[in-house]
Amino acid sequence: EDQTKDHIDEQGEPSGGLHPRLLRGLPPRHLRGSLPRRVTAPGEHRVDTEEKFEEFFENISRQKIFAFDSETAPLDARFEATSPRYTVIVGLSFCWNDNEAWYLPFRGPLGAETLNAEKTLEKLRPILENPTIGKIGQNLKYDLVVLRNAGVTVNGTAFDTMIADYLLNAGEMNHNLDDMAELYLQHKTIKITELIGTGKKQKRMDEVQTEIVSDYAGEDALITWRLSSILKENLAEFKPLTALNETCELPLVEILADMEFTGITVDTTLLKELSNRFTAKLKELETKIYAEAGHDFNVASPKQLAVVLFEELGLKGVKKTKTGQSTDIDVLEELAPLHPLPALVVEHRQLSKLKGTYVDALPELIHPKTGRIHTSFNQVSTATGRLSSSNPNLQNIPVRSPEGKEIRKAFKPGDGFDLLLSCDYSQIELRVLAHFSEDDRLCEAFRNNEDIHTRVAAEVYGVESDAVTSDMRRSAKAVNFGVIYGQSAFGLAKQLGIEQAEAQAFIDGYFRKYSGIRQYLESILDDCIRTGYVSTLLGRRRNFRGGVIRPVRKGGLNQAERMAINTVIQGSAADLMKQAMIRIGAQNPGAQRPGAQPPAPGWNLLLQIHDELVFEVRKHAAAALKELVVREMSLDQPLRVPLVVDATLAERWE
C-alpha cells in the first residue's frame, strides 16, 4: 500500500492511468514493459491465400508450443448471448514469439480474401490434436468448444491466462484480456466495440473488414503469449497455486469443454404443458392478490405494490430504497405473517421467474443441429473456486420446491441413451469442516455414519437421539450449515421463526459441545490476519486486505470474516469435486468426440451442480458407471472422515 500512495492524487483518484488493482496492493513486479499500439503492420501476417498458408504451416509445424485464439460469429440471431456451441469460426490467430502474430480468416465481407475453413482445419488437425504440442489461450475452453463444432478436438492444453490470473487474484471480478494487458503490460488493447460497434448497429465479426479483424485478432494472440510467461512467473512464487493450476484447473478445461459440447436433452412437450399450467396458476394467484388488495393492479410493478402494501393496507415498511419503500423478497417474507397478500406475491414472483427463466426459455435455447441445450460452465466467476453455470444457469433450479421438481422432470437422456445417473456428495462441506477442525464429536458422528443433524440436536438439547423432534433437528441443521457461513443469532432466529435469545442459546450450546469447531474457525481468521489470505485443501488462495479481518471479533462476524471462512470450507469442497471430475473424465476419453455417436463407453457427463454430477448412460453400462463414479468421487478417502456419495439411476433428472 505504501508503494502505491505516490500514485494517488489529492482527489483520491489514480494518477498516470494506474490500474485499479495496483491501488489494492499488487507489487510492481507485475509490470513488464509495454507493447506497441498495433502488434503487426496492417496485413503483414494476414494469412488469406494458399501460398501464405503454406509458409505459415511450415513455420507452425516447427513449434512445440503456441498461443491461439478464435474469432466467432453467432450461429443465428437467437443464440447471440449463449455458449460457444452456438457459434461459427470467423478466423483463427496464432503466436509463438514476442513480436509476431498470424491471422487466418475463414469468413469475411463479400469480396474478402479468405481461406477455406474445412480444408485449412484438416491440414491443421494433426497439430491442434497433438497432445505433445502445447496450446496457450485466454479462456481456452471457449476455443476448444468452437473448434469441436468444426470437427477438431484440440489436445495439449498447456496454459490459460484467464485461469492463471484468477488463481492469483481470486477476489477480482474481471480476468479479461483488456484488463490484464493494461495491468501487466501497460498496453491498451483494441476493444471489440471498435470493430463491431454496439446496440442496434452492432455488426457480426464476419461483417468487419478482414484487415481490421486481423489486427484485433493478432493482438489477442500476441498479448496472450506475452502474458503467459509473466503469469507463469507469478504462479511460481506460490508453489501450491502452480500445482493447483497444472493438476486441477487446466485438466478441468477439457472436461468442461466435453460437457458444453455434449449438452443435455429436454422434453419440450412437457415444458409446454408446464408453461400452460404455470400460466393458469399465475392467473389464479393474481385473482387472490386482487381480492386481498380490493382491486386490480400490476403485481410486477414494485411501485404499485408498495402503494398497496404501505398506503392502502397500512403495513409498516421494512427498508427504503432511493425510489421509496422496498418490496424485495426479504421484505415480503418479513411482512408475510402480518397479511396474506405479501406471501401470495412471493409465490407469484417465484413462479413467474421459473416460468420465464426455464419453462419458456429452455425450448428457445435448443441447438438446431444437436437438439440439446448447451450451458456454459465458468471456472473464474466465484472467489471460492466453485463452478457456475450460465446461458442458461442450470445450477439454480430449485431442488425441493414442487415447481422445481417439475422442471427437472423435463431433463432426460439424449438419443442413444436410456437413463440419467445423479451422484452427489453427502454433506461434503460439513465433512470438510470435520476434517479441518478435527472436532472429536463431529468426526465421530461421521465415522459412525450417524445422521449429523440428529446427533447435534441430541448433544445440544441433552436428550437421546430417538427423543429428537423434527423441530430440534431443524434447528440443529440450520446451525450446522449456518456455522459455515458465520450466521448470527439474529439470522438464525429469523430463519427458524424463534426468539433471538433462544437462537443465541442454541448457538452457545453448539459451540460448548463442539468446541473444536469454534477454535478452528477462529484459527482461520487469525491466520488470515497474519498472512493476508486464506487457502483451501489444494492451496487455492483468496486475499483479504489489511483491517477487514478483526483481531477481536465480538458480536458476530462481519462480511469479510464470513467470506474468509466460507472460502476455506466451500472452496475445499469445490477442490474435491474438481478432482473427482478429472478422474471420472479420464475414464471416458471418447466423450462426444467427432464421429463417435454415442462414444464407446456408453455414457457422458452432462452437468455439475456444485456437489452433484449428472450423467446420461446406456442401460447396459449403468451399473458399471454407477460403481465407477462412486469410486472415483470417493477420491481414495482423502479426509479424516469418510466421503459418502449418494447415487441414483432414473429416466428423468427429477
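For clarity, every value in this text was computed on a predicted model and none was experimentally measured. Heavy atoms only: backbone and side chains are in, while hydrogens, waters and symmetry mates are out.
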Engineer: If the threshold is 4.0 Å, N to carboxylate O, is there a salt bridge linking Glu406 and Lys281?
Structural biologist: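 Looking at Glu406 and Lys281, the cut-off is not met.
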Engineer: Under 4.0 Å between a Lys/Arg side-chain N and an Asp/Glu carboxylate O for Arg518 and Asp439?
Structural biologist: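 No, this pair does not count.
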Engineer: Does Lys288 pair with Glu284 as a salt bridge, N-O distance under 4.0 Å?
Structural biologist: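 A salt bridge links Lys288 with Glu284.
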Engineer: Does Val308 reach the side chain of His295, with side-chain heavy atoms less than 4.5 Å apart?
Structural biologist: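 SC-SC contact between Val308 and His295 confirmed.
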Engineer: Between the main-chain N or O of Asn298 and the side-chain N or O of Gln304, is there a donor-acceptor pair closer than 3.5 Å?
Structural biologist: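 Such a contact is found between Gln304 side chain and Asn298 backbone.
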Engineer: Under 6.0 Å between the ring centres of Tyr520 and His435?
Structural biologist: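 Not under 6.0 Å, so no.
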Engineer: First locate atom CG of Leu639, then atom CG of Leu576, and finally report the distance between them rounded to the nearest 0.5 Å.
Structural biologist: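 So the CG of Leu639 and the CG of Leu576 are separated by 5.5 Å.
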Engineer: With no hydrogens and no angle check, is any side-chain donor or acceptor of Arg441 less than 3.5 Å from a backbone partner on Lys513?
Structural biologist: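 Pair found, side chain donor or acceptor close to backbone of Lys513.
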Engineer: Sub-3.5 Å donor-acceptor pair from the side chain of Tyr425 to the main-chain atoms of Met633, do we have one?
Structural biologist: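 Yes; at least one donor-acceptor contact below 3.5 Å.
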Engineer: Answer yes or no: does atom CG of Asp440 have more than 12 heavy-atom neighbours from other residues, nucleotides or ligands under 6.0 Å?
Structural biologist: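 Not buried by this count: 12 neighbours or fewer within 6.0 Å.
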Engineer: Should His453 and Leu430 count as side-chain neighbours, where that means a heavy-atom distance under 4.5 Å?
Structural biologist: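 Yes, their side chains come closer than 4.5 Å.
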Engineer: Quick one: pull up CG in Leu305 and CD1 in Ile289 and give me the separation to the nearest 0.5 Å.
Structural biologist: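 Leu305 CG to Ile289 CD1: 8.5 Å, rounded to 0.5 Å.
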Engineer: Looking only at heavy atoms, which two atoms of Tyr514 and Leu442 are closest? And how far apart?
Structural biologist: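 Minimum heavy-atom separation between Tyr514 and Leu442: CE2-N, 3.7 Å.
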Engineer: Does Thr87 reach the main-chain N or O of Leu75 with its side chain, forming a donor-acceptor pair under 3.5 Å?
Structural biologist: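 Judged by distance alone, no pair lies under 3.5 Å.
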Engineer: Between Pro398 and Ser401, what is the shortest heavy-atom contact and its length?
Structural biologist: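 Smallest heavy-atom distance, with atoms named: CB-OG, 3.4 Å.
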Engineer: Ignoring hydrogens and geometry, is there a side-chain-to-backbone donor-acceptor pair from Glu561 to Arg550 under 3.5 Å?
Structural biologist: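 Yes; judged by distance alone, with no hydrogens or angles, the pair exists.
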Engineer: Do Gln519 and Ser437 touch side chain to side chain, with heavy atoms closer than 4.5 Å?
Structural biologist: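 With C-beta onward as the side chain, the pair stays apart.
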Engineer: Holding to side-chain contact (heavy atoms from CB on, under 4.5 Å), I want the full list of residues that pass it with Asn543, two or more places apart in sequence or in another chain.
Structural biologist: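 side-chain contact (heavy atoms from CB on, under 4.5 Å) check on Asn543 returns Tyr533, Arg541.
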Engineer: What closest approach, in Å, do Gln395 and Gln608 show between heavy atoms, and which atom pair accounts for it?
Structural biologist: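 Minimum heavy-atom contact is NE2-O, 2.8 Å.
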Engineer: Rounded to the nearest 0.5 Å, how far apart are CG of Asn276 and CG of Leu271?
Structural biologist: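 Reported value, rounded in 0.5 Å steps: 11.0 Å.
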Engineer: Do any N or O atoms from the side chain of Arg431 and from the backbone of Ser426 form a donor-acceptor pair under 3.5 angstrom?
Structural biologist: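 At least one qualifying donor-acceptor pair exists.
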Engineer: For Glu312, which residues count as a salt bridge (Lys or Arg N to Asp or Glu O under 4.0 Å) partner, sequence neighbours excluded?
Structural biologist: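 Here no residue qualifies.
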Engineer: I need the minimum non-hydrogen distance between Ser572 and Val432, along with the two atoms involved.
Structural biologist: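 Ser572 and Val432 have their closest heavy atoms at CB-CG1, 3.8 Å.
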Engineer: Is there side-chain contact between Thr375 and Asn393, with at least one heavy-atom pair below 4.5 Å?
Structural biologist: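 Of all side-chain heavy-atom pairs linking Asn393 with Thr375, none is under 4.5 Å.
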Engineer: Testing the 3.5 Å rule here: is there a donor-acceptor pair between the side chains of Asn169 and His175?
Structural biologist: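 No, no side-chain donor-acceptor pair sits under 3.5 Å.
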Engineer: Minimum heavy-atom separation for Leu521 and Ile565, please, with both atom names.
Structural biologist: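 That would be CD2-CG2, 3.7 Å.
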Engineer: Under the 3.5 angstrom rule, does the side chain of Ser389 hit a backbone N or O of Pro392 as a donor-acceptor pair?
Structural biologist: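 Yes, because the side chain of Ser389 sits within donor-acceptor range (under 3.5 Å) of the backbone of Pro392.
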Engineer: Could you give me the CA-CA distance, side-chain angles and deciding distance for Phe511 and Val460, then say whether side chain to side chain contact (heavy atoms under 4.5 Å, CB included) is met?
Structural biologist: CA-CA 9 Å; Phe511 282 123; Val460 175; over 6 Å; no
Engineer: When you compare the side chain of Leu362 with that of Leu394, does any pair of heavy atoms fall below 4.5 Å?
Structural biologist: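 Of all side-chain heavy-atom pairs linking Leu362 with Leu394, at least one is under 4.5 Å.
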Engineer: Please round to the nearest 0.5 Å and tell me the distance separating atom OG1 of Thr648 and atom NZ of Lys626.
Structural biologist: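 Nearest 0.5 Å value for the OG1-NZ distance: 6.5 Å.
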Engineer: Distance only, no hydrogens: is a donor on one side chain within 3.5 Å (strictly under) of an acceptor on the other, for Asn391 and Ser83?
Structural biologist: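 The criterion, which ignores hydrogens and geometry beyond distance, is not satisfied for Ser83 and Asn391.
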Engineer: Please check this pair: side chain of Thr268 against backbone of Pro363, looking for a donor-acceptor N/O pair closer than 3.5 Å.
Structural biologist: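 Pair absent, no side-chain N/O of Thr268 close to backbone of Pro363.
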Engineer: Mark yes when over 12 heavy atoms from residues, nucleotides or ligands other than Glu651 sit less than 6.0 Å from its CD; otherwise mark no.
Structural biologist: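 It does not: Glu651 CD has 12 such atoms or fewer within range.
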Engineer: With no hydrogens and no angle check, just 3.5 Å: does a side-chain donor-acceptor pair link His610 and Glu429?
Structural biologist: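 There is no such pair between these side chains.
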Engineer: For Glu333, check salt bridge (Lys or Arg N to Asp or Glu O under 4.0 Å) against everything at least two apart and list the hits.
Structural biologist: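 Scan of Glu333 (salt bridge (Lys or Arg N to Asp or Glu O under 4.0 Å), adjacent residues dropped) gives none.
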Engineer: Would Thr370 and Arg85 count as a side chain to side chain contact (heavy atoms under 4.5 Å, CB included) if you check the C-alpha gap in whole Å, the side-chain angles of each, and the deciding distance to 0.1 Å?
Structural biologist: CA-CA 10 Å; Thr370 68; Arg85 194 67 168 93; 3.2 Å; yes
Engineer: So, using side-chain contact (heavy atoms from CB on, under 4.5 Å) as the criterion, who are the partners of Glu260 when residues are at least two apart?
Structural biologist: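 Testing Glu260 for side-chain contact (heavy atoms from CB on, under 4.5 Å), a comparison that skips the adjacent residues, returns Pro84, Lys141, Val145, Ser376, Phe377.
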Engineer: So, taking the atom named CG in Leu607 and the one named CD in Glu616, what distance separates them when rounded to the nearest 0.5 Å?
Structural biologist: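 Going from CG on Leu607 over to CD on Glu616, the span is 9.5 Å.
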Engineer: How long is the span from the CG atom in Asp424 to the CE atom in Met577, to the nearest 0.5 Å?
Structural biologist: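 Going from CG on Asp424 over to CE on Met577, the span is 8.0 Å.
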Engineer: List for me each residue that meets salt bridge (Lys or Arg N to Asp or Glu O under 4.0 Å) alongside Arg540, sequence neighbours excluded, and say none if there are none.
Structural biologist: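 So Arg540 forms a salt bridge (Lys or Arg N to Asp or Glu O under 4.0 Å) with Glu249, Asp575.
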Engineer: Is the backbone of Leu365 close enough, under 3.5 Å, to the side chain of Tyr86 for a donor and an acceptor to pair up by distance?
Structural biologist: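 The answer is yes, because a donor-acceptor pair under 3.5 Å joins these two groups.
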Engineer: How far apart are the closest heavy atoms of Lys320 and Gln325, and which atoms are they?
Structural biologist: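 The pair with the smallest heavy-atom distance is CE-NE2, 3.4 Å.
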Engineer: Do Gln350 and Glu403 get their side chains close enough for a donor-acceptor pair, meaning under 3.5 Å?
Structural biologist: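 Checked: Gln350/Glu403 side chains show no N/O donor-acceptor pair below 3.5 Å.
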Engineer: With a 4.5 Å limit on heavy-atom distance, are the side chains of Val548 and Asn558 in contact?
Structural biologist: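 Contact flag for Val548/Asn558 side chains = no.
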Engineer: Would you find a donor on one side and an acceptor on the other, under 3.5 Å apart, between the side chain of Arg652 and the backbone of Lys409?
Structural biologist: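 Side chain of Arg652 to backbone of Lys409: a pair is present.
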Engineer: Measuring only between side-chain heavy atoms, which start at C-beta, is Leu252 closer than 4.5 Å to Leu387?
Structural biologist: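 Yes, close enough: below the 4.5 Å cut-off.
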Engineer: side-chain contact (heavy atoms from CB on, under 4.5 Å) with Thr269: which residues, sequence neighbours excluded?
Structural biologist: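 Asp267, Glu273.
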Engineer: Between Glu334 and Val331, is there a side-chain heavy-atom distance shorter than 4.5 Å?
Structural biologist: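 No, their side chains stay 4.5 Å or more apart.
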